[in-house]
There are 4 protein chains.
Amino acid sequence: MTSKKSEKYEMILEGALKVFAEHGYHRSQVSKIAKAAGVADGTIYLYFKRKEDLLICLFREKLGELVEKFENSVRDLDDVKEALRKVCEIHYTELENNVDLAHVTQIELRQSSMELRKEIGLAFKPYILLIENLLHKGIEQQVFKPDLDVKLVRLLLFGAMDEVVTSWLISGRKYSLSAQVDGTMDFFFNGIARPA
Amino acid sequence: MTSKKSEKYEMILEGALKVFAEHGYHRSQVSKIAKAAGVADGTIYLYFKRKEDLLICLFREKLGELVEKFENSVRDLDDVKEALRKVCEIHYTELENNVDLAHVTQIELRQSSMELRKEIGLAFKPYILLIENLLHKGIEQQVFKPDLDVKLVRLLLFGAMDEVVTSWLISGRKYSLSAQVDGTMDFFFNGIARPA
Amino acid sequence: MTSKKSEKYEMILEGALKVFAEHGYHRSQVSKIAKAAGVADGTIYLYFKRKEDLLICLFREKLGELVEKFENSVRDLDDVKEALRKVCEIHYTELENNVDLAHVTQIELRQSSMELRKEIGLAFKPYILLIENLLHKGIEQQVFKPDLDVKLVRLLLFGAMDEVVTSWLISGRKYSLSAQVDGTMDFFFNGIARPA
Amino acid sequence: MTSKKSEKYEMILEGALKVFAEHGYHRSQVSKIAKAAGVADGTIYLYFKRKEDLLICLFREKLGELVEKFENSVRDLDDVKEALRKVCEIHYTELENNVDLAHVTQIELRQSSMELRKEIGLAFKPYILLIENLLHKGIEQQVFKPDLDVKLVRLLLFGAMDEVVTSWLISGRKYSLSAQVDGTMDFFFNGIARPA
DNA sequence: CATGAATGAGTTTTCATTCAT
DNA sequence: CATGAATGAAAACTCATTCAT
């Protein structure tokens with residue numbers, strides 16, 4: 001499905017992922033990435049305009065794959081609650097099983113300029129939209145509250161999950177991330193207040 | 001209110017806040033900060049061991065003030081729901097009224113090494129604990145669900161609010177942040193599911 | 001004669017020799033050396049780990065060449081007195097004909113940390129050993145006194161010649177250095193005491 | 001005999017001696033010397049024009065004391081051989097018993113600009129002259145060879161002793177320096193050649 | 001005389017990026 | 001397309017020296 005980009009392109013991105021995850025963006029010299037990718041320093045500039053592009057493309061590429069997974073998993077689920085749970089499950093498990101990627105999305109990606117942050121926001125759009133769509137669908141189906149502020153809630157949902165992942169990562173991954181899905185979903189669906 | 005640290009110390013920190021907020025940490029040269037603070041470059045190093053210390057101290061100082069405000073506001077509130085709303089309100093309004101600080105906490109502070117991230121985590125501790133205490137208190141008072149996973153929920157709450165602020169900031173502050181308190185609290189208390 | 005190290009390597013070393021000789025080690029900025037060598041500042045760091053390395057390598061390289069000359073000249077001389085005279089002659093004439101080098105060995109090289117001094121001592125070893133060997137050989141051949149403290153005498157010989165060179169250099173090279181060979185050898189062989 | 005310079009003046013010089021000996025000239029910050037001397041940084045500049053002056057004055061002061069000792073010891077000795085031995089003995093024992101001073105004269109003092117080297121040469125003058133006078137006297141008394149090149153020999157003598165001290169210092173002072181007097185004098189008087 | 005806080009000039013080193021081969 | 005040697009701009013930090021108190 002992904003257009004068959006040059007093999008080197010992929011190798012460089014893989015190298016960047018490894019190096020960024022290990023050393024962080026600012027401590028990752030281009031030459032180190034080149035070595036990890038098995039290409040010459042200059043070669044990188046045949047595929048990427050600048051170092052920052054590596055981060056952006058890496059992010060787009062990987063996020064693209066993730067979103068695809070989200071969409072594939074959710075497509076056939078009519079139950080929006082089930083679908084939202086699936087989204088959360090994928091969010092947690094994918095990052096749990098892909099620590100390097102987690103490092104990059106939770107830590108390195110934030111180490112960037114305002115402009116890049118906007119770039120990132122843009123690339124997140126599809127994921128955010130997917131959540132937004134689920135919310136709309138849920139409202140239609142009268143599964144979710146009719147008066148939800150969708151724009152706000154999608155942020156709350158995403159931010160909540162995002163923090164759980166970051167915290168898990170910084171803590172040294174001492175517990176299971178995917179085991180938090182149930183608690184997270186209960187919070188999302190019912191909040192913390194004791195039912196009357 | 002703040003203990004009378006050296007006047008220059010405060011001036012430097014103010015300068016750092018301004019410059020960091022405008023240009024971001026990595027693009028803020030020490031000399032620029034010195035100029036903004038009205039001192040010589042070298043003077044900064046009489047008060048701070050290294051550039052990174054500026055970020056850390058700035059953060060500790062400001063977060064300390066915030067936590068103090070949180071604690072003062074919450075102390076006399078017996079109603080935990082009211083208290084949590086107050087926390088959220090302060091969280092939103094303080095950052096809304098203090099864009100420079102918001103920039104630093106939401107953007108610049110994340111631009112740092114793993115070590116610094118841990119530092120930051122540590123400094124956030126009091127705030128996180130405050131939320132945790134509210135949760136415990138609410139459970140005791142049977143206002144919140146008895147089976148809450150407090151450790152998880154405090155992350156979800158904080159992450160949700162954090163993302164709302166970041167998003168508001170990146171979007172260019174085109175809407176009122178403090179106006180999101182109601183929506184946020186409704187989400188926290190009752191979740192998104194339509195009551196049966 | 002010298003193994004064909006990179007051309008730039010040699011150019012940089014030549015530049016360093018010139019600049020060190022003229023301004024002294026501590027007043028020689030790397031950028032000045034780069035200009036003298038006709039390369040960019042950064043290029044120096046492709047060949048040398050740090051500025052101090054320039055001094056060390058310069059020293060090793062040049063001293064190596066000198067020692068080679070010493071050994072070649074002495075190899076075929078059976079007469080140890082003749083050999084020692086040759087050593088002194090080379091010591092004086094080489095530095096006399098190579099004022100820049102003299103500056104570096106007599107002045108700049110001493111401007112260094114204790115650690116570097118040890119480095120230097122190590123690099124001098126072959127020369128010192130050469131003198132020591134001559135002394136041993138002379139004792140065997142019953143040309144030199146049988147009870148010489150070889151370890152001490154080699155220092156006395158070297159120190160004496162070294163001071164003559166330094167003094168000549170500091171005085172502004174107002175007299176012929178190589179003309180001091182005879183006087184030096186007479187001192188070495190017979191001392192200052194009037195024969196009984 | 002020495003004019004009673006200010007007490008602070010002496011304290012600063014003592015501090016400088018200690019700090020220079022321990023850390024070397026270039027690594028000795030003025031503030032460190034001030035602390036060692038028990039005065040404020042600025043105070044040093046009431047007594048010395050610049051940092052380098054500390055080295056020069058230290059040197060002049062200490063060398064002055066040494067030369068005084070040399071002269072006192074030699075004054076009443078009619079036997080020039082005995083006198084020269086005494087000079088060597090003092091040279092070795094004084095530095096052996098005064099490692100800090102030895103460090104400064106043998107190592108730190110050389111770490112200086114060409115101009116300072118000339119300064120130093122000047123301050124050495126009295127010592128060199130003392131040796132020169134002994135040589136002249138010895139020639140007159142027909143104890144030393146009549147055809148000595150006095151200007152050259154004084155350098156050879158000084159250089160030889162100087163190197164012995166430096167080598168002893170760099171080696172880590174693993175042997176007795178004063179025990180080298182006999183060997184040194186035998187070398188000076190009779191050289192290394194086996195008497196016919 | 002003495003202080004020590006403040007100054008700011010000065011330098012090594014790194015590393016993203018280029019371009020001749 | 002690929003290389004990697006060369007580039008040179010950029011910036012944190014130090015520390016001798018000053019001067020208001």
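Letters go in sequence order (proteins before strands), and every chain restarts at 1.
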(Q) Return whichever of Tyr47(D) or Tyr47(B) has its heavy-atom-nearest nucleotide of DNA chain E closer to the 5' end. (A)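 Its nearest nucleotide lies further toward 5', so the answer is Tyr47(D).
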
(Q) Base, sugar-phosphate or nothing for Phe48(A)? Non-hydrogen atoms, less than 4.0 Å. (A)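 Counting heavy atoms under 4.0 Å across all strands, no contact is made by Phe48(A).
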
Q. Would you say Lys18(D) has more than 12 foreign heavy atoms packed within less than 6.0 Å of its NZ?
A.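 For Lys18(D), atom NZ is not crowded (no more than 12 foreign heavy atoms under 6.0 Å).
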
Side-chain touch [X]/[Y], heavy atoms, less than 4.5 angstrom:
X: Leu95(D); Y: Gln106(D); value: yes
X: Val99(A); Y: Leu169(A); value: yes
X: Leu63(B); Y: Phe124(B); value: yes
X: Leu13(D); Y: Phe48(D); value: yes
X: Tyr47(C); Y: Cys57(C); value: no
X: Ile44(B); Y: Leu54(B); value: yes
X: Val104(D); Y: Leu55(D); value: yes

Q | Dot-bracket encoding per residue of DNA chain F, Watson-Crick/G-U cut-off under 3.5 Å, | denoting interstrand | A | .||||||||||||||||||||

Q) Looking at DNA chain F, which of residues 28-38 of chain B put a heavy atom within less than 4.0 Å of it? A)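 Contacts with DNA chain F under 4.0 Å: Ser28(B), Gln29(B), Val30(B).
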
Q) Where does the chain B footprint on DNA chain F start and end, counting 5' to 3' with a 4.0 Å heavy-atom cut-off? A)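 First-to-last contact on DNA chain F, by the 4.0 Å heavy-atom rule, is dA11(F) to dT14(F).
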
Q.
Test your reading of the model: is there a side-chain donor-acceptor pair from Lys51(C) to the backbone of Tyr25(C), 3.5 Å cut-off?
A.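 Yes: the side chain of Lys51(C) pairs with the backbone of Tyr25(C).
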
Q) How long is the line joining NE2 of His23(A) and C1' of dC15(E), in whole Å? A)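 Taking NE2 of His23(A) and C1' of dC15(E), I get 15 Å after rounding.
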
Q. Among dA16(E), dT13(E), dT7(E), which is the nearest nucleotide to the side chain of Arg50(C)?
A.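 Closest nucleotide to the Arg50(C) side chain: dT13(E).
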
Q: Please assess Asp100(B) against Phe20(B) for the test side chain to side chain contact (heavy atoms under 4.5 Å, CB included), listing each intermediate value before the final yes or no.
A: CA-CA 8 Å; Asp100(B) 282 352; Phe20(B) 283 164; over 6 Å; no

Q.
Here's a test of your reading of the structure: between Leu46(A) and Tyr45(D), which maps to the more 5' nucleotide of DNA chain F?
A.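 The 5'-side residue here is Leu46(A).
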
Q.
What verdict does the salt bridge (Lys or Arg N to Asp or Glu O under 4.0 Å) test give for Lys62(A) and Glu10(A), after you've listed the backbone C-alpha separation in whole Å, the side-chain angles of each residue and the deciding distance to 0.1 Å?
A. CA-CA 11 Å; Lys62(A) 293 298 179 183; Glu10(A) 299 294 347; over 6 Å; no

